[in-house]
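We name chains A, B, ... by the order of the sequence lines, and we start the count at 1 in each one. The structure presented is a predicted model; accordingly, all values stated were derived computationally and were not measured.
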Amino acid sequence: MQEEISATKYDPTSVEQRWYSYWEENGLFHSEPDEREPYTVVIPPPNVTGVLHMGHMMNNTLQDVLVRRARMMGKNALWVPGTDHASIATEAKVVGRLSEQGIRKQDLTREQFLSHAWDWTREHGGIILKQLRRLGASCDWQRTAFTMDEVRSKSVIRVFCDLYDKGLIYRGLRMVNWDPKARTALSNIEVVYKEEHSKLYYLRYYVADQDAVRPTGAEGEVLHRDEDGRYYAVVATTRPETIMGDTAMCINPKDPKNQWLRGRRVIVPLVGREIPVIEDRYVDIEFGTGCLKVTPAHDVNDYNLGKTHHLDSIDIFNPDGTISENSPLYVGLDRNVVRKMISKDLEAAGLMEKVEDYLNKVGYSERNPDTAVEPRLCRQWYLKMPHLAKIALKPVLDGEIKFYPDRFLGTYRQWLENIDDWCISRQLWWGHRIPAYYLPSAEGEEERFVVAESREEALERAHKIAGCEHLKAEDLRHDEDALDTWFSSWLWPISLFDGILHPDNPEIKYYYPTADLVTAPDIIFFWVARMIMAGEEYMHQVPFRNVYFTGIVRDKLGRKMSKQLGNSPDPIGLIDKYGADGVRLGILLCTSAGNDILFDESQVEQGRNFCNKIWNAFRLVKGWTVSDDAPRSEAAEVAVKWFDARLKATVAEMDRDFEQYRINDAVMCSYKLFWDDFCSWYLELVKPAFKDGVQDPIDRGTYEATLGFFDALLRLLHPVMPFITEELWHALDPAREGDSIMRQRMPGAGKVDEALLADFASACQTVVDIRAVRQAKNIPVRDTLRLQVKGAYPALLAPVVSKMAGISQVESVADFGSGAGQVFMVGTTQYNIPLEGLVDTGAEIARIKAEIQRYEGFLRGVNAKLSNERFVANAPEQVVALERKKHSDATTKIENLKAQLSKLENL
RNA sequence: GGGAGCAUAGCUCAGCUGGUUCAGAGCACCUGCCUUACAAGCAGGGGGUCAUUGGUUCGAAUCCAAUUGUUCCCACCA
């Protein structure tokens with residue numbers, strides 16, 4: 001320590017490692033239920049194979065601040081960590097790795113594939129949890145959970161069966177959003193719509209029965225004929241590659257342009273197949289030519305048209321997005337390739353009328369952002385939403401759960417009020433396998449199944465079905481699909497405490513509901529809303545009280561951080577460079593609820609500099625020699641009293657900020673308290689004089705008080721900067737070995753002596769003004785000055801200006817005398833620094849004149865108010881009184897200045 | 001197409017229930033200092049029609065309306 005303390009820079013590396021191990025080894029993050037008030041936070045589980053990015057950094061720093069603070073407020077704080085199996089993302093990574101080794105997923109059995117996936121999980125899983133330790137996260141690691149561990153898996157299965165038995169889960173055949181890369185269905189919210197520049201292709205659909213075409217003569221009718229006189233319709237489409245699936249063309253019956261097409265049949269270009277022309281009001285007359293090609297298998301709207309008009313449906317795609325055998329053309333080719341190809345072929349065949357640029361919205365898979373979603377008709381599992389949406393809406397509208405910022409309430413409400421059933425099945429292996437078992441069935445027979453937690457139970461259930469009494473276990477076919485990842489995440493606050501399987505266990509009863517949830521607004525639907533549903537359904541209680549929405553971390557230019565752009569700093573690299581405390585402070589200072597943050601390394605630099613400041617303040621204090629006989633200086637006397645008040649006032653302010661989740665404000669408060677109030681004022685005031693190369697000793701009383709303040713400041717800062725505060729808290733007193741700052745209480749707010757704070761502020765202003773005079777006149781600090789005062793001034797002024805501004809003497813005078821001096825005002829009190837020969841009278845006159853002008857302008861404004869009868873009559877008394885005070889103060893100031901001016905002019 | 005947010009100093013943003021926290025903070029910038037804790041620092045300083053236009057009010061950065069710009073969310077128009 002002795003050697004380390006001589007360093008003028010704080011070195012976080014060894015400190016951070018040492019204390020984190022200490023905390024963990026001593027179980028300081030661990031919580032067990034006891035008689036204290038619980039404070040619970042569950043981590044938004046990061047992907048098990050993920051690595052820490054800036055978003056995690058911000059999010060987890062915020063959580064850690066809340067948790068550490070709660071712990072030091074005397075609560076039994078618990079922060080439960082864990083990871084998410086992230087089925088699509090993880091499965092995609094595993095598939096990717098296998099294919100690098102030349103292995104295709106379809107060549108593996110389910111068991112073989114899962115074994116690879118578990119290998120991958122063990123290999124990469126937990127990296128992110130280690131990284132969170134570097135950040136200082138005070139998670140109870142003994143409780144680390146995984147969405148696919150035993151308790152969580154069983155909970156998911158139990159809930160599925162329960163919801164099925166309640167009639168909330170069903171199997172349905174409908175259009176789903178299909179991800180052809182992952183080859184799975186997606187829920188609606190997993191589709192991200194992106195605007196993109198594409199083409200609108202105008203295709204010729206020749207009329208089949210040319211001879212039957214009769215112009216109707218309707219006004220505005222548009223007939224198309226080629227050079228041979230053959231009639232054709234023109235269809236505008238963005239997806240020419242789907243024409244092989246066309247089973248109709250649709251016009252609006254009211255469309256005058258296309259009256260002649262009513263009742264006709266047309267020929268699908270290239271394909272040559274005849275399809276009917278149907279009529280439906282759905283078609284927009286204004287769009288394109290008013291003719292719509294109908295492909296019921298590949299478009300939701302077309303599907304609906306197909307249903308109402310009883311059209312055939314031709315599915316021309318394979319699950320991977322290549323053209324299937326159902327198509328006469330392009331079989332086996334990818335849909336994106338075919339689009340280019342077919343447009344050329346259409347062109348060549350003279351079937352392409354024209355191509356226009358077109359801006360349209362295309363749905364992409366959230367997890368495979370390069371893959372456009374393909375609407376596809378298939379059978380999936382769904383969870384009914386009306387009941388769950390209803391129970392999830394109430395606690396938020398009632399304010400039982402509070403959102404910070406509360407504007408997300410509107411988003412939340414709107415979504416729940418217009419919610420679709422949730423497609424919960426995924427055609428993936430990595431995840432919780434759907435506990436449905438199909439009974440043997442003959443070809444064409446409707447599928448029959450039972451839902452149960454195990455095959456044995458399923459068999460029992462199956463036996464109860466007529467005709468199935470003799471089935472054997474192996475006759476049951478287990479559903480191949482897995483559940484949506486969010487179907488496990490939504491149970492997280494419950495399943496972490498085993499509340500699904502054992503609803504009455506002491507842990508769930510103690511820790512649930514959790515206190516605060518810190519998360520990003522983009523998962524408000526995916527996760528937040530659904531956790532509330534599950535909480536209400538299974539615990540009959542909200543899962544958390546407050547939801548703090550963070551913003552998105554962007555770079556300095558406002559761009560989202562991404563791997564592609566390479567604009568995302570490596571968080572661990574930042575910690576290596578600046579220290580975890582510095583990084584935490586840097587992030588916290590620019591975070592406010594719901595607002596995106598524009599991250600720049602300079603903010604982290606600021607954090608590091610602050611660590612340095614704390615470190616050096618510590619060096620100063622620890623470097624003092626203490627004397628039991630030395631008397632306490634007047635300046636120290638004032639400083640101790642003042643800082644005590646200042647500290648209490650700041651604590652109160654921070655408490656208010658935390659209550660409203662204005663965390664950045666609270667952090668800034670403590671930053672300024674330490675840097676400005678403690679270092680720049682307090683320490684400078686109590687700092688013993690330095691004479692003849694020797695520093696005077698400090699008196700014991702002031703020293704003890706200073707250590708006390710330092711201690712309080714460290715406690716106040718601990719939630720934000722856990723490492724340096726623990727280090728210095730120990731260094732303050734060797735007797736603390738074996739203890740931890742984490743176990744101490746936060747400083748409390750107390751009654752604040754406001755008058756003292758005001759007096760001190762006035763004295764500070766005086767110091768600043770004196771220093772300004774010194775700088776302007778180039779008077780070094782070692783040359784002491786005299787200060788004359790006209791009027792009332794605070795009693796603590798003299799010691800403060802003496803110590804801080806090099807004033808040897810403060811004289812109360814009736815008049816500043818005839819000699820030249822530098823006069824200034826603090827409030828309405830006039831001060832003068834006699835400076836014979838140093839004052840430029842001309843410049844001074846000009847300055848005072850400008851000053852007078854400024855105050856006169858101010859006074860005019862005040863007078864305007866005061867002479868307004870309605871103001872005097874209507875405004876609250878206090879406000880009017882204030883205005884009167886402004887008036888009298890300004891008048892006094894102007895008088896003072898004028899007197900000063902005339903004196904100078906008469907020199 | 002529907003909804004929400006934002007617009008205040010060069011940058012990032014506070015400004016909460018209209019009135020001394022009213023025009024603020026941090027960073028950046030300028031000037032002077034290597035003053036025995038800290039140059040990653042100290043001291044001092046400049047800088048803004050509060051997007052625009054109306055309205056409410058004794059009084060508006062603050063409340064209301066419209067406009068402009070911008071960001072985000074939701075929605076099946078090929």
Side-chain angles (χ1 to χ4, degrees), chain A residues 5 7-10 175 188-189 193 200-201 235-239 242 250 282-284 286-295 299-304 358 360-361 363 375 405 407-411 414-415 418 521-522 524-525 551-552 556 558 578 582 589-590 592 594-600 602-603 605-606 608-624 656 660 662 664-665 668 671-672 679-680 683-684 687 690 693-695 767-769 771-776 778 780-782 864-865 868-876 878-880 882-883 885-886:
Chain A
I5 201 171
T8 63
K9 307 261 188 292
Y10 167 68
M175 274 292 192
N188 293 351
I189 50 177
Y193 289 90
L200 192 58
Y201 302 86
V235 170
T237 179
T238 53
R239 302 203 59 195
T242 63
C250 191
Y282 162 77
V283 177
D284 181 352
E286 302 304 318
F287 188 91
T289 56
C291 294
L292 172 74
K293 70 190 225 33
V294 185
T295 321
D299 183 279
V300 184
N301 304 302
D302 292 12
Y303 174 71
N304 293 333
Y358 185 66
N360 75 335
K361 289 204 172 162
R407 71 183 135 89
F408 286 110
L409 210 140
T411 314
Q414 199 200 347
W415 186 68
N418 299 288
D522 51 351
I524 185 166
F525 308 137
I552 295 167
K556 209 164 54 169
Y578 295 102
L589 282 179
C590 56
S592 70
N595 290 338
D596 288 357
I597 78 166
L598 301 193
F599 179 83
D600 184 53
S602 71
Q603 290 148 351
E605 233 171 87
Q606 195 185 347
R608 177 204 53 190
N609 295 352
F610 187 43
C611 288
N612 240 343
K613 188 71 187 177
I614 299 172
W615 171 250
N616 278 297
F618 174 78
R619 287 178 61 223
L620 173 70
V621 172
K622 273 313 218 187
W624 287 333
R656 276 197 302 276
Q660 295 166 77
R662 305 160 68 97
N664 55 326
D665 287 349
M668 183 48 83
Y671 178 89
K672 286 199 266 195
C679 293
S680 298
L683 287 180
E684 293 298 336
K687 192 153 116 184
F690 197 85
V694 187
Q695 180 138 42
V767 169
V768 168
D769 288 342
R771 283 172 176 167
V773 171
R774 277 182 182 280
Q775 174 141 341
N778 216 354
V781 195
R782 55 185 175 275
K865 272 191 184 177
N868 181 339
E869 278 171 40
R870 283 187 299 175
F871 169 75
V872 180
N874 292 327
Q878 282 174 316
V879 176
V880 179
L882 208 65
E883 246 14 75
K885 181 162 169 21
K886 278 189 200 169

Among B/G19, B/A43, B/A40, the one nearest A/R771 by side-chain distance: B/A43
Sugar-phosphate, base or nothing in reach of A/Q606, heavy atoms under 4.0 Å: sugar-phosphate
Sugar-phosphate, base or nothing in reach of A/Q603, heavy atoms under 4.0 Å: nothing
Sugar-phosphate, base or nothing in reach of A/V300, heavy atoms under 4.0 Å: nothing
Sugar-phosphate only, base, or nothing, as touched by A/P876 at under 4.0 Å among non-hydrogen atoms: base
Touch class at under 4.0 angstrom, heavy-atom based, for A/K672 against every strand present: sugar-phosphate
Sugar-phosphate, base or nothing in reach of A/Y358, heavy atoms under 4.0 Å: sugar-phosphate
Sugar-phosphate, base or nothing in reach of A/N868, heavy atoms under 4.0 Å: sugar-phosphate
Proximal nucleotide (of B/G15, B/C38, B/A40) relative to the A/R608 side chain: B/A40
Touch class at under 4.0 angstrom, heavy-atom based, for A/L292 against every strand present: base
Sugar-phosphate only, base, or nothing, as touched by A/M175 at under 4.0 Å among non-hydrogen atoms: nothing
Touch class at under 4.0 angstrom, heavy-atom based, for A/K885 against every strand present: nothing
Touch class at under 4.0 angstrom, heavy-atom based, for A/V621 against every strand present: nothing
Sugar-phosphate only, base, or nothing, as touched by A/E684 at under 4.0 Å among non-hydrogen atoms: base
Main-chain N/O of A/T295 paired with A/D299 side-chain donor or acceptor, under 3.5 Å: no
